[in-house]
Amino acid sequence: MAEEEYEEPFGVTVDEKGPVDFVRVNVAILGLKPKSGLFSKSNAVADVDFKQRSLTVKATVCTKGKSKKDASTTKKYMYCVKKLPDIIKPEESYYKFDKDRIILFLRKEKSRSWERELSSGDLDQYVEGEDENAS
């Protein structure tokens with residue numbers, strides 16, 4: 001069976017400007033449209049897997065052609081973090097759709113800033129060759 005092909009998101013930004021004790025992760029996926037009213041629906045489906053020290057986001061976005069002659073397109077995106085800076089509470093973490101992005105809210109287990117780790121510019125703290133079971 002062939003492995004599914006995923007594109008990387010357009011970009012990812014991380015900050016602690018959301019709710020207290022949460023880290024906000026903006027995963028930019030151009031063309032994503034959120035549900036805009038009671039009877040409308042999003043053009044995307046997401047599968048977000050939160051673990052204590054990692055996360056995976058898989059999103060499928062369907063865009064319609066500009067006219068009836070144009071075919072619709074489906075693109076698949078994936079974003080993975082192998083090792084977060086600290087432990088999160090998966091059951092209290094959540095996500096929502098916004099225009100051109102999926103916003104993840106990671107509930108930190110400890111009430112401490114991740115600013116030092118995030119200053120490296122990357123949420124993923126995994127180092128190749130590091131023992132994943134050490135932490």
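For the single chain, residues carry numbers from 1 onward in sequence order.
A 6.0 Å sphere centred on NZ of K96 holds no more than 12 heavy atoms belonging to other residues, nucleotides or ligands. E91 CD: more than 12 foreign heavy atoms inside a 6.0 Å radius.
With rounding to the nearest 0.5 angstrom, the CG atom of L55 is 6.5 Å from the CZ atom of F50. Separation of atoms NZ (K33) and OG1 (T63) is listed at 7.5 Å; rounding is to 0.5 Å. Rounding to the nearest 0.5 Å gives a distance of 9.5 Å between NZ of K99 and CG of L32.
Among residues two or more places apart in sequence or in another chain, the side-chain contact (heavy atoms from CB on, under 4.5 Å) test is passed with S111 by D21. With sequence neighbours excluded, the residues that form a side-chain contact (heavy atoms from CB on, under 4.5 Å) with C80 are T56, M78. Remark: E8 pairs with no residue by the side-chain contact (heavy atoms from CB on, under 4.5 Å) rule, at least two apart or across chains. Partners of D100 by salt bridge (Lys or Arg N to Asp or Glu O under 4.0 Å), not counting sequence neighbours: none found. For K108, the salt bridge (Lys or Arg N to Asp or Glu O under 4.0 Å) criterion is met by E16, not counting sequence neighbours. Residues satisfying the side-chain contact (heavy atoms from CB on, under 4.5 Å) criterion with D15, sequence neighbours excluded, are K17, R24, N26. With sequence neighbours excluded, the residues satisfying salt bridge (Lys or Arg N to Asp or Glu O under 4.0 Å) with E92 are R107. Residues satisfying the side chain to side chain donor-acceptor pair (under 3.5 Å) test with K76, not counting sequence neighbours, are E4.
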Worked verdict on I29 versus Y79 for side chain to side chain contact (heavy atoms under 4.5 Å, CB included): CA-CA 11 Å; I29 299 177; Y79 172 66; over 6 Å; no
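Closest heavy-atom contact between F97 and P34: O-CB, 3.8 Å. Considering every non-hydrogen atom in both W114 and D86, the closest pair reads NE1-CB, 3.6 Å. Of all the heavy atoms in V61 and G31, the pair that sits closest is CG1-O, 3.9 Å. Residues P9 and A28 come closest through the heavy atom pair CB-O, 3.3 Å.
L30 belongs to a hydrophobic cluster whose remaining members, ordered by chain and number, are F10; membership requires side-chain heavy atoms of ILVMFWY residues under 4.5 Å apart, directly or through intermediates. Through direct or relayed side-chain contacts under 4.5 Å between Ile, Leu, Val, Met, Phe, Trp and Tyr, F105 connects to F22, Y94, I103.
The list of salt bridge (charged side-chain N to carboxylate O under 4.0 Å, His left out) pairs with a residue in residues 35-49, not counting sequence neighbours, reads D49-K51. Applying the salt bridge (charged side-chain N to carboxylate O under 4.0 Å, His left out) test to pairs two or more places apart or on separate chains, those with a residue in residues 113-127 are R112-E117.
A continuous path of hydrophobic side-chain contacts links L118 to V27 [ILVMFWY only; heavy atoms under 4.5 Å]. Taken together through direct or relayed side-chain contacts under 4.5 Å among Ile, Leu, Val, Met, Phe, Trp and Tyr, V23 and V12 form part of one hydrophobic cluster. Under the 4.5 Å side-chain heavy-atom criterion for Ile, Leu, Val, Met, Phe, Trp and Tyr, V57 and Y6 are members of distinct hydrophobic clusters.
Under the 3.5 Å distance criterion, the side-chain polar atoms of S54 are left unmatched by any main-chain donor or acceptor of K83.
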